[in-house]
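Single-structure report; data block below.
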Protein chains: 2
Amino acid sequence: MSTATVSRVINGHGNVTHATRTRILRVVERMRYVPDSAARSLSTGLTNTIGVLLPDLYGEYFSEIIRGIDQAARRRGLHLLLSGVHGSAAEAVLAIRALKGRVDGLLIMSPYADSAFLADHFADDTPAVLMNSPVRGNSHSSFCLDNRGGARAMVRHLAQVGHRRIAFIAGPQNNFDATERLAGYCEAIAEFGPDLKEFVLPGDFSEESGYRAAQRLLTLDERPEAVFAANDMTALGCLHALNEARVAVPGDVALAGFDDIPLARFVSPPLTTVRVPMAELGARALDGIAAAVGAPAATPTSTQTVATTLVIRASCGASAQLRAVDELTVSGSDAAGN
Amino acid sequence: MSTATVSRVINGHGNVTHATRTRILRVVERMRYVPDSAARSLSTGLTNTIGVLLPDLYGEYFSEIIRGIDQAARRRGLHLLLSGVHGSAAEAVLAIRALKGRVDGLLIMSPYADSAFLADHFADDTPAVLMNSPVRGNSHSSFCLDNRGGARAMVRHLAQVGHRRIAFIAGPQNNFDATERLAGYCEAIAEFGPDLKEFVLPGDFSEESGYRAAQRLLTLDERPEAVFAANDMTALGCLHALNEARVAVPGDVALAGFDDIPLARFVSPPLTTVRVPMAELGARALDGIAAAVGAPAATPTSTQTVATTLVIRASCGASAQLRAVDELTVSGSDAAGN
DNA sequence: CCCCCCGCTGAAACCGATTACACTGTGGGT
DNA sequence: ACCCACAGTGTAATCGGTTTCAGCGGGGGG
């Protein structure tokens with residue numbers, strides 16, 4: 001048997017007698033022959049692998065993205081080459097370079113890697129799709145969470161419940177999610193005209209920063225009626241400080257977060273927040289890059305948005321009727337500890 | 001310039017004039033030349049990639065493993081090919097086969113993939129290291145959490161605090177962590193002679209199963225003084241049920257979990273538990289496979305144990321003195337195996 | 001002055017697959 | 001009976017690197 005015939009059998013290209021096919025398959029089985037992917041990649045130019053670049057691999061947020069990507073990839077028979085890029089833009093360039101010949105396409109989430117950046121550094125033919133990244137330049141498709149819409153919805157909800165002085169604890173300044181959430185907050189405040197006023201405190205997504213922001217709020221003459229934190233961990237830090245100061249939530253101050261981390265429904269009071277479907281974002285982004293790999297030219301670049309959902313629990317002071325009934329809460333005597 | 005010289009420059013093999021080297025480097029820079037990894041792999045037989053097979057990619061547990069693996073891999077300049085294997089042993093075989101030629105080594109965590117299984121299905125020369133898997137056969141190294149030691153330490157602690165009737169809520173029967181934890185519980189109970197008695201309730205690591213187990217405990221004539229759940233989520237379900245029944249924790253019943261998930265310190269009372277250093281497990285396993293890849297023959301197969309740590313908080317009823325301001329941690333592991 | 005050795009470079013084999021193309025043999029049409 | 005079309009198989013080029021080995025030129029020692 002020649003290598004050509006074996007190759008045809010293995011790849012199911014026709015023109016092989018049934019007899020020889022079975023004979024070859026039997027030998028393949030007996031020898032435990034497995035074709036070498038590297039050689040196959042070299043000759044076909046296909047790797048059936050998607051490179052995934054994330055700024056970090058830690059925590060619920062990325063774990064969920066990876067899960068979504070993995071499920072979608074498995075559905076398509078694609079492999080995943082995973083890489084965390086913690087450092088600078090230079091490191092990102094190196095990381096992407098190192099993937100040349102290893103992957104058919106790239107799924108990128110990084111503060112540095114906007115479309116213009118990619119176009120600058122890679123005359124490459126490797127298609128790429130961005131996740132949750134600023135869109136500058138239009139040579140790449142991108143999928144983003146609707147952070148802005150979610151933040152707007154939250155502010156509208158807080159206003160509807162009756163709160164007027166709504167403060168916002170921001171996230172890190174160079175973080176895309178954080179700036180979008182801030183923008184959404186500002187837009188919604190503006191919608192209400194002179195009735196509502198912006199009030200933004202600095203933060204960095206950490207529990208610690210929420211704690212400090214709350215302490216600062218408590219020193220103000222005119223306390224806000226509601227505090228909207230850029231993410232749940234910040235909101236929890238905030239809650240901790242308010243509990244320590246014996247300020248009732250939501251009695252004295254309403255509180256809201258963003259992300260709907262598992263902790264959110266466990267604290268007391270359960271936290272009103274915005275759910276971000278990270279797994280869906282990952283899955284849709286992978287579908288996007290798979291499509292681009294399949295038909296490089298035919299795929300127009302686009303920016304798609306993944307919807308977020310308002311999750312109303314007790315911490316915002318909405319009446320009980322408004323709140324979902326299926327949320328599990330753990331009754332606790334006092335504050336959640338640190 | 002010939003391809004040979006370019007290759008020597010890029011790989012830093014000596015014997016190239018400084019003049020030609022700089023000339024080549026300049027051209028490389030200008031053309032944005034990046035060597036094709038597939039071709040390089042084919043000719044060198046090295047991919048600089050480790051395949052990682054996990055039973056699932058969801059949640060804190062795996063997210064931490066991946067983080068540890070990634071950090072260690074980055075340190076060594078290795079890439080990660082990630083794959084979730086949800087299904088049967090057959091699926092695992094397919095997944096491993098598909099990695100032939102793509103990876104230099106395998107990092108495997110799967111209930112099916114013990115060493116004997118691997119030896120059966122792969123006459124392969126690809127080295128592999130197992131994580132948290134039953135060790136049958138000795139052709140592969142493996143790294144395991146000291147689940148057993150952690151469980152023993154917890155039971156000893158509960159006994160030391162004064163509890164005598166200590167119940168255990170088990171995990172899924174086919175889960176390696178779960179069976180090890182159960183074994184540790186039983187061993188520790190046996191240590192205390194007739195003083196303590198085993199009492200095991202079924203569970204499956206879910207919050208729900210903890211809730212049901214607690215409800216069942218409450219119907220007993222002689223309630224346990226302490227409940228040790230096979231993981232934290234189960235303990236939380238348990239706590240929920242106890243709260244509903246107005247049973248004080250730790251006043252009426254002490255409670256302990258396993259894993260030290262982030263939630264554990266947020267609930268009320270904060271949960272006494274066993275911390276499992278998943279990231280460290282991942283990192284050490286990657287170091288192990290990297291060593292095996294580097295020196296295939298020289299690496300003896302071994303089974304190493306990663307220590308777990310007792311984290312004493314309020315839910316177990318330990319006196320305040322025993323607990324630190326933040327939290328007291330006690331080493332809960334025996335020496336690493338051979 | 002000749003020769004040898006050594007340092008640098010290039011030509012070509014090789015890794016293990018895919019695939020275009022050549023070849024062989026059979027059956028059917030005229 | 002002859003030829004052609006076509007299905008089945010094999011040969012060899014190719015992918016893009018690495019690496020062995022040969023060639024070439026220059027400098028130093030005899």
Side-chain angles (χ1 to χ4, degrees), chain A residues 1-29 31-49 51 77 79 81 96-105 122-126 293-294 296, chain B residues 1-49 51 77 79 81 97-105 122-126 293-294 296:
Chain A
M1 291 298 102
S2 77
T3 64
T5 307
V6 173
S7 175
R8 275 186 284 260
V9 168
I10 288 185
N11 297 315
H13 297 310
N15 287 354
V16 181
T17 311
H18 185 265
T20 62
R21 170 183 293 115
T22 52
R23 195 146 61 96
I24 289 179
L25 287 180
R26 196 157 34 229
V27 175
V28 162
E29 184 65 22
M31 300 183 63
R32 280 181 183 158
Y33 167 80
V34 179
D36 183 296
S37 312
R40 182 179 284 187
S41 296
L42 180 57
S43 96
T44 60
L46 284 180
T47 62
N48 290 313
T49 302
H79 296 267
L81 198 42
I96 296 181
R97 288 254 166 94
L99 261 38
K100 166 76 177 287
R102 268 179 223 283
V103 300
D104 296 334
F122 308 96
D124 223 1
D125 45 351
T126 309
V293 166
Chain B
M1 291 300 101
S2 76
T3 63
T5 307
V6 173
S7 174
R8 275 187 284 259
V9 168
I10 288 186
N11 297 316
H13 298 311
N15 288 355
V16 181
T17 312
H18 187 266
T20 62
R21 171 184 291 114
T22 53
R23 196 146 60 95
I24 288 180
L25 287 178
R26 198 158 29 231
V27 175
V28 162
E29 184 67 21
R30 191 159 48 74
M31 300 184 62
R32 278 179 185 160
Y33 168 81
V34 179
D36 184 295
S37 313
R40 183 178 283 188
S41 296
L42 180 57
S43 106
T44 59
L46 284 180
T47 61
N48 289 313
T49 302
H79 295 267
L81 197 44
R97 288 253 167 97
L99 261 37
K100 167 77 177 284
R102 270 179 220 285
V103 300
D104 297 335
F122 308 97
D124 223 1
D125 46 351
T126 308
V293 167

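Labels below follow one simple rule: chain letters A, B, ... track the order of the sequence lines, proteins then strands, and each chain is numbered from 1.
A98(B) pairs by the side chain to side chain contact (heavy atoms under 4.5 Å, CB included) definition with H79(A), not counting sequence neighbours. Evaluation of the side chain to side chain contact (heavy atoms under 4.5 Å, CB included) rule for S41(A) yields T47(A), A38(B) as partners, not counting sequence neighbours. Partners of T44(A) under the side chain to side chain contact (heavy atoms under 4.5 Å, CB included) rule, at least two apart in sequence or in another chain, are R40(A), L46(A). In terms of the side-chain hydrogen bond (donor to acceptor under 3.5 Å, both in side chains) criterion, residue partners of T5(B) (sequence neighbours excluded) are, by chain and number, S2(B). Residues satisfying the side-chain hydrogen bond (donor to acceptor under 3.5 Å, both in side chains) criterion with T49(B), sequence neighbours excluded, are R102(A).
Nucleotides of DNA chain D with any atom under 4.0 Å from a heavy atom of chain A span, from 5' to 3', dG8(D) to dG16(D). With a cutoff of under 4.0 Å to any heavy atom of chain A, the contacted region of DNA chain C is bounded 5' to 3' by dG16(C) to dT19(C).
Note on S7(B): a base of the nucleic acid sits closer than 4.0 angstrom, heavy atoms only. V6(B) comes within 4.0 angstrom of nothing in the nucleic acid, heavy atoms only. Using a 4.0 Å heavy-atom distance criterion, D36(B) is classed as a sugar-phosphate-only contact.
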Between side-chain atoms of residues 12-28 of chain A and protein atoms elsewhere (two or more places apart, or another chain), which donor-acceptor pairs fall under 3.5 Å?
unit_1: T20(A); atom_1: OG1; unit_2: T17(A); atom_2: O; d: 3.0
unit_1: T22(A); atom_1: OG1; unit_2: H18(A); atom_2: O; d: 3.2
unit_1: T22(A); atom_1: OG1; unit_2: A19(A); atom_2: O; d: 2.8

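Over its length, the helix from dC1(C)-dG30(D) to dT30(C)-dA1(D) turns its helix axis by 60°, as judged from the five terminal pairs at each end, rounded to 10°.
Once rounded to the nearest 0.5 Å, the distance linking OH of Y33(B) with CZ of R97(A) reads 12.0 Å. For the atom pair OG of S37(A) and CG of L99(B), the computed distance is 7.5 Å after rounding to the nearest 0.5 Å. A distance of 6.5 Å separates CG in L42(B) from CG in D36(A), rounded to the nearest 0.5 Å.
Within residues 37-47 of chain B, the residues approaching DNA chain C are L42(B), S43(B), by heavy-atom distance under 4.0 Å.
Formation of a donor-acceptor pair under 3.5 Å by the D104(B) side chain with backbone atoms of N48(B) is found in this model.
The residue among Y33(A) and T20(B) whose nearest nucleotide of DNA chain C is located toward the 5' end is T20(B).
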